[in-house]
Number of protein chains: 2
Amino acid sequence: MSRTSSQAPEASSDALPRQQRTYSIGELAKMFEVTPRTIRFYEQEGLLAPSRQGQKRIYREKDRVRLKLTLRGKRLGFSLAEIREVVMMYDAMPDGNARQLKRLLEILKEKRADLEQQLEDIRLMRMEIDDVDQRAREVLRHLDQED
Amino acid sequence: MSRTSSQAPEASSDALPRQQRTYSIGELAKMFEVTPRTIRFYEQEGLLAPSRQGQKRIYREKDRVRLKLTLRGKRLGFSLAEIREVVMMYDAMPDGNARQLKRLLEILKEKRADLEQQLEDIRLMRMEIDDVDQRAREVLRHLDQED
DNA sequence: CAAGCACTTTACGTTAACGTAAACCTCGTC
DNA sequence: GACGAGGTTTACGTTAACGTAAAGTGCTTG
């Protein structure tokens, strides 16, 4: 697992309201500590849809948020397909028909269940780590005393 | 599929204390809902080391616990390499030298940090899921009223 | 003894999620 | 006008974590 990624740093110099700012692919990449390749790949997988200015990709606030959510999902071990499933349905919501919406609710329920399972897993793993930690410190203590 | 209840094949199979029980690869596989292939693969990757009885693998309680821990780690998105790192150092602990032990403590610290990050990620993702859920239900409510 | 399991090894196949390389634009600037 | 720093597409390469298929071993059961 990768290191903890910080909260998105505030857009620096300009007094532009976030909603109007745009980002280049390189900016986003540095911001989230991923490569441009990764960002293009996510687009190819249907997770991002930046507009273009000539050939160049232009990312807006919405895209930045999506990328943030995507990376968070990844840290939690979700596949890109799973993430897309939620993200796309979220976008299709406003004009969604009832069946689509109910399907969405189901998916959300599943995801929530996954998260609960993870919480339990984390709890248990924490305990085990603490245990190993304790033992290791104890062995160390004995080694120190031997000298 | 159905378990034909024949006469008890092996005596005292139930009364065995867990510590003495052994498992076949198939038993473990069903127990954890993975394939035998997966278990063999984990062995090949140095995460399990069952003894043999002739050609067949014999799993003891220790192996079962290891498998459990491994699968939990996987659910949390850790790679097999990461899991092995901890598990193997744990085994090397009793006769470990100081440098090894300190390295282990560092690794544990990292893992703990990962878990904390995950807790935060889960918290945020929960909120977002709740939000999407809310919106979806609201849209549904309106659709129902239209009829 | 043939058949059926459960197990074994060997080895090639597959998928997700990118990495990496090549070859090409398009600026601003020295 | 050469150049370097960004960006672009296309396409092949790589790694982790298994899946899958083939061919063999050993037991027990009708």
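Since this is a predicted model, take the numbers as computed values, not measurements. Naming convention: chains lettered A, B, ... in sequence-line order (proteins, then strands); numbering from 1 in each chain.
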Atom-pair distance ([atom1] on [X]; [atom2] on [N]), nearest Å:
X       : N      : atom1 : atom2 : result
B/Leu47 : D/dA17 : CG    : P     : 9 Å
A/Lys56 : C/dC25 : NZ    : C1'   : 9 Å
B/Glu85 : D/dA16 : CD    : C1'   : 16 Å
B/Glu27 : C/dC7  : CD    : P     : 8 Å
A/Leu67 : C/dA17 : CG    : C1'   : 15 Å
A/Gln44 : D/dT10 : CD    : P     : 10 Å
B/Glu43 : D/dA17 : CD    : P     : 17 Å
A/Gln53 : C/dC27 : CD    : P     : 10 Å

- request: Verify the neighbour count for atom CZ of A/Arg52: are there more than 12 heavy atoms of other residues, nucleotides or ligands below 6.0 Å?
  value: yes

- prompt: Do the side chain of B/Arg40 and the base of C/dT8 come within less than 3.5 angstrom through a donor-acceptor pair of N or O atoms?
  reply: no

message: Taking donor-acceptor contacts at under 3.5 Å, does the side chain of A/Arg37 reach the base of C/dT20?
response: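 Side chain to base: pair found, below 3.5 Å.
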
query: So which one's nearest nucleotide on DNA chain D is more toward 5', B/Thr38 or A/Ser24?
result: A/Ser24

- prompt: B/Tyr42 or A/Ile58: which one's nearest nucleotide on DNA chain D is closer to the 5' end?
  reply: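 Going by which nucleotide is closer to the 5' end, it is A/Ile58.
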
message: We want to know whether B/Gln118 and B/Asp114 form a side-chain donor-acceptor pair, criterion being a heavy-atom distance below 3.5 angstrom.
response: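 B/Gln118 vs B/Asp114: no donor-acceptor pair found between side chains.
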
message: Check this one for me: any side-chain N or O of A/Lys74 less than 4.0 Å away from OP1 or OP2 of C/dC18?
response: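 Result: yes.
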
- prompt: Is the phosphate of D/dG19, meaning OP1 or OP2, less than 4.0 Å from a side-chain N or O of B/Thr35?
  reply: yes

Out of [options], whichever nucleotide has its closest atom nearest the side chain of [X]:
X       : options               : result
A/Ile25 : D/dA17, D/dT8, C/dA17 : D/dT8
A/Arg57 : D/dT8, D/dA17, C/dA17 : D/dT8
A/Gln55 : D/dC18, D/dT8, C/dC18 : D/dT8

- prompt: Is there a chain of hydrophobic side chains (I, L, V, M, F, W, Y, each step under 4.5 Å between heavy atoms) that links A/Ile122 to A/Ile129?
  reply: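 Yes; A/Ile129 is reachable from A/Ile122 via cluster members.
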
message: Run B/Arg126 and B/Asp130 through salt bridge (charged side-chain N to carboxylate O under 4.0 Å, His left out) and show every step you take.
response: CA-CA 6 Å; B/Arg126 260 179 165 178; B/Asp130 287 349; over 6 Å; no

query: More 5' along DNA chain C: B/Tyr59 or A/Leu80, using each one's nearest nucleotide?
result: B/Tyr59

- prompt: Are A/Lys109 and B/Asp133 close enough for a salt bridge, meaning some N to O gap below 4.0 Å?
  reply: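 Salt bridge flag = no for B/Asp133 with A/Lys109.
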
